[in-house]
There are 2 protein chains.
Amino acid sequence: MIENYLLEELVTFQRMGTLKKTAAHLAVTQPTVTRGMQKLEDGLGVKLFDRHPNRLELTAAGELAAKEAAAVLRRQELMVNRVQNFVAQNQALTIGAVVPGPLIILKRLAGAPLFNHQVDERLVEPERVPEELTDDRLGMVFTTTDLTGPDLISQPLGVEHLFVNLDRFLPQANQTAVSFKDLAGLSFVVLDDIGAWKDVIGKEIEDAHFMCQDERDAMDEITRYSSFPHFTTNVTAADPSYHPVPANNRVERSIKGPKAELTIYVTVKRQRQTQVQPLVDRLKTAWAKLPTTPTTGGTNVLK
Amino acid sequence: MIENYLLEELVTFQRMGTLKKTAAHLAVTQPTVTRGMQKLEDGLGVKLFDRHPNRLELTAAGELAAKEAAAVLRRQELMVNRVQNFVAQNQALTIGAVVPGPLIILKRLAGAPLFNHQVDERLVEPERVPEELTDDRLGMVFTTTDLTGPDLISQPLGVEHLFVNLDRFLPQANQTAVSFKDLAGLSFVVLDDIGAWKDVIGKEIEDAHFMCQDERDAMDEITRYSSFPHFTTNVTAADPSYHPVPANNRVERSIKGPKAELTIYVTVKRQRQTQVQPLVDRLKTAWAKLPTTPTTGGTNVLK
DNA sequence: AAGGCTTACGTGGGACGTAAAGATA
DNA sequence: TATCTTTACGTCCCACGTAAGCCTT
């Protein structure tokens with residue numbers, strides 16, 4: 001069997017160019033590498049080097065072998081990472097999401113530490129979710145699609161409803177619920193980290209302008225001292241930390257239509273389902289208590 | 001560094017269930033495997049086994065590690081195969097094709113053995129061509145599309161023209177070239193191994209029936225003692241072995257339109273281009289001498 | 001008992017380093 | 001002469017086998 005230290009020597013040689021540098025780089029002596037490469041050629045039954053008395057050169061087969069060896073070593077590295085991540089997830093589940101809402105609910109449960117977990121605040125690109133779960137970099141992800149498959153399983157947690165916060169003097173504020181069409185052409189202040197919601201508003205609202213803010217504080221400033229509309233959801237609205245100073249010149253309105261809703265799923269590796277089920281059940285209970293329509297008061301002056 | 005023999009022991013244990021059987025299967029003693037698995041756990045820093053005094057059981061992490069280890073070993077196996085295939089291709093290029101025509105031209109060059117090669121008669125599925133070349137199971141493939149990319153390079157060899165052989169009493173035989181529409185509704189005898197041509201005739205001729213023959217001899221029988229039309233090309237028509245007994249009740253006709261032509265490319269790994277260029281040039285020369293229209297005589301009686 | 005895993009101990013192969021030689025440029 | 005590779009030789013490590021012990025079923 002060809003052992004990996006030989007592959008590592010070959011890969012290093014390809015980068016370094018000489019056996020001497022290779023040896024130095026691997027902190028061994030030159031004869032060690034000489035013998036290693038001889039052994040590798042022997043093991044493969046393939047001539048990997050053109051030998052000039054003073055210089056060693058990779059043959060075409062040697063170049064290929066070095067590339068392949070690098071791939072083999074990467075695969076082994078991946079194995080180590082996956083296994084180590086897996087056990088780390090058993091000790092403290094790392095939880096991610098493609099939209100921020102579910103993480104807010106999760107934090108509200110933190111007082112009852114039913115579960116040892118940590119939260120990865122950076123939102124995940126939806127297409128990377130399977131990879132993150134497979135590699136156990138994340139142990140649980142809140143997604144907006146059902147990713148159930150041979151390795152993963154998704155279960156619905158609840159529905160998140162999009163609200164828009166409008167200046168109370170705007171004519172659109174004069175209805176309990178607005179449609180995306182009513183919002184066409186407006187300029188909105190939005191947070192950067194809203195994940196999939198960005199796609200929703202970007203696609204559904206025509207001719208709109210979005211002023212992105214990556215800081216929550218800056219966002220609060222602007223909403224307080226301007227009349228630009230902004231978005232919330234039934235989840236963020238229920239978040240106590242989200243309205244440190246309520247912008248009382250605005251009214252919160254539902255947005256009509258199925259496109260203004262996202263079904264949130266809890267997605268985990270099948271393997272982990274029993275491990276996380278208690279937490280999932282707590283989340284479902286908490287989610288069920290959320291309102292589905294704006295609760296904050298504020299009536300339109302025109303009404 | 002974790003060496004592969006440890007991974008092999010783990011994989012074997014997952015299959016065998018006990019260290020004893022594992023040891024027997026690997027032709028080593030039991031303590032060797034015990035120590036190996038301890039070393040692997042140590043190297044990964046992960047507990048892979050639940051230890052009962054009399055029984056060893058994989059933990060969830062152990063199951064995952066075993067699966068991953070199998071993948072690592074497969075990757076290494078792939079490396080070995082690729083490298084060994086590569087050198088084999090340098091000694092004797094194995095040549096494949098997605099349509100049989102170019103192989104006929106190739107064989108006609110065999111008298112002038114400019115090149116040490118062998119031919120793989122089984123046609124390749126077009127979508128498998130990149131894989132076959134990357135793995136060096138084939139060193140050169142005749143394709144009908146340009147697969148030029150970072151690793152592969154295609155160069156056009158020539159165009160193969162489809163002919164149809166019609167009973168001379170058929171009205172369609174009364175023109176020097178027919179269209180696919182003229183052939184609608186007919187029943188044809190066709191060889192199985194015609195690769196991409198099958199897609200062409202299947203798509204372009206409406207309501208046609210195809211009687212597939214996997215044997216060249218059976219095909220010849222049928223064409224001789226029946227009047228079913230069949231197909232040839234400017235390449236097969238030039239093949240001396242293809243008309244052992246010319247079916248003289250038929251006339252060979254061109255088919256009109258670009259769909260009745262296939263551009264044939266020679267596709268190789270970039271790396272191999274200089275190696276094969278002399279052969280490719282010979283093939284191009286030979287191809288250029290082919291007719292583009294039917295040469296065999298035979299006039300329609302109605303003419 | 002019987003079966004299976006682990007520990008203890010001694011050994012041998014092989015991977016390593018040191019030293020020296022060979023071959024360019 | 002300087003640089004790089006290879007061969008030769010001695011050493012030490014470590015993977016292995018043998019033997020014994022331990023715990024279940």
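The shown structure was predicted, so the numbers you read here are calculated from the model rather than taken from an experiment. Below, chains carry the letters A, B, ... as their sequence lines are ordered, and counting in each starts from 1. Side chains are part of it too, since the values below use all heavy atoms of this structure and drop only hydrogens, waters and symmetry mates.
Under 4.0 angstrom from either OP1 or OP2 of dC5(C) there lies no side-chain N or O belonging to Gln38(B). Contact between the side-chain N/O atoms of Lys20(B) and the OP1/OP2 oxygens of dG3(C) is not found at any separation under 4.0 Å. Checking the phosphate oxygens (OP1, OP2) of dC5(C), no side-chain nitrogen or oxygen of Thr34(B) falls inside 4.0 Å.
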Query raised in the report: Which parts of nucleotides 19-25 of chain C does protein reach within less than 4.0 Å, heavy atoms only, written one letter per nucleotide 5' to 3' as B for base, S for sugar-phosphate only and - for none?
Result: B--BBB-
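The number of heavy-atom neighbours closer than 6.0 Å to NZ of Lys21(A), taken from other residues, nucleotides and ligands shown, is 12 or below.
Taking atom CG of Asn4(A) as the reference point, atom P of dA15(C) lies 14 Å away to the nearest angstrom. Between the OH atom of Tyr5(A) and the P atom of dA15(D) there is a distance of 11 Å, given to the nearest Å. Rounded to an integer number of Å, the gap from Asp50(B) CG to dT6(C) C1' is 16 Å. Following rounding to the nearest Å, Lys21(B) (NZ) and dG3(C) (P) show an atom-to-atom distance of 12 Å. Across the protein-nucleic acid pair, Leu56(B) atom CG and dT24(D) atom C1' stand 14 Å apart, rounded to whole Å. Put simply, CD on Glu57(B) is 13 Å from P on dT6(C), counting in whole angstrom units. The distance between atom NZ of Lys39(B) and atom C1' of dA15(D), rounded to the nearest whole Å, is 8 Å. Rounded to an integer number of Å, the gap from Glu9(B) CD to dC16(D) C1' is 11 Å.
With a 4.5 Å cut-off on side-chain heavy atoms, Lys39(A) and Glu9(A) do not count as touching. Contact annotation: the side chain of Val280(A) approaches that of Met140(A) to within less than 4.5 Å [non-hydrogen atoms, C-beta and beyond]. By the 4.5 Å heavy-atom criterion applied to side chains, Val87(B) and Thr59(A) are not counted as neighbours.
Judged by distance alone, with hydrogens and angles left aside, the side-chain atoms of Thr145(B) form no donor-acceptor pair with the main-chain N or O of Leu147(B) at under 3.5 Å.
Under the side-chain hydrogen bond (donor to acceptor under 3.5 Å, both in side chains) test applied with Asp136(B), the options Gln271(B), Gln89(B), Lys269(B) reduce to a single match, Lys269(B).
Side-chain polar atoms of Arg137(B) and Asn81(B) form no donor-acceptor pair below 3.5 angstrom.
Both Val33(A) and Thr18(B) sit near DNA chain C, but only Thr18(B) has its closest nucleotide nearer the 5' end.
Arg35(B) comes within 4.0 angstrom of a nucleotide base, judged by non-hydrogen atoms across all strands.
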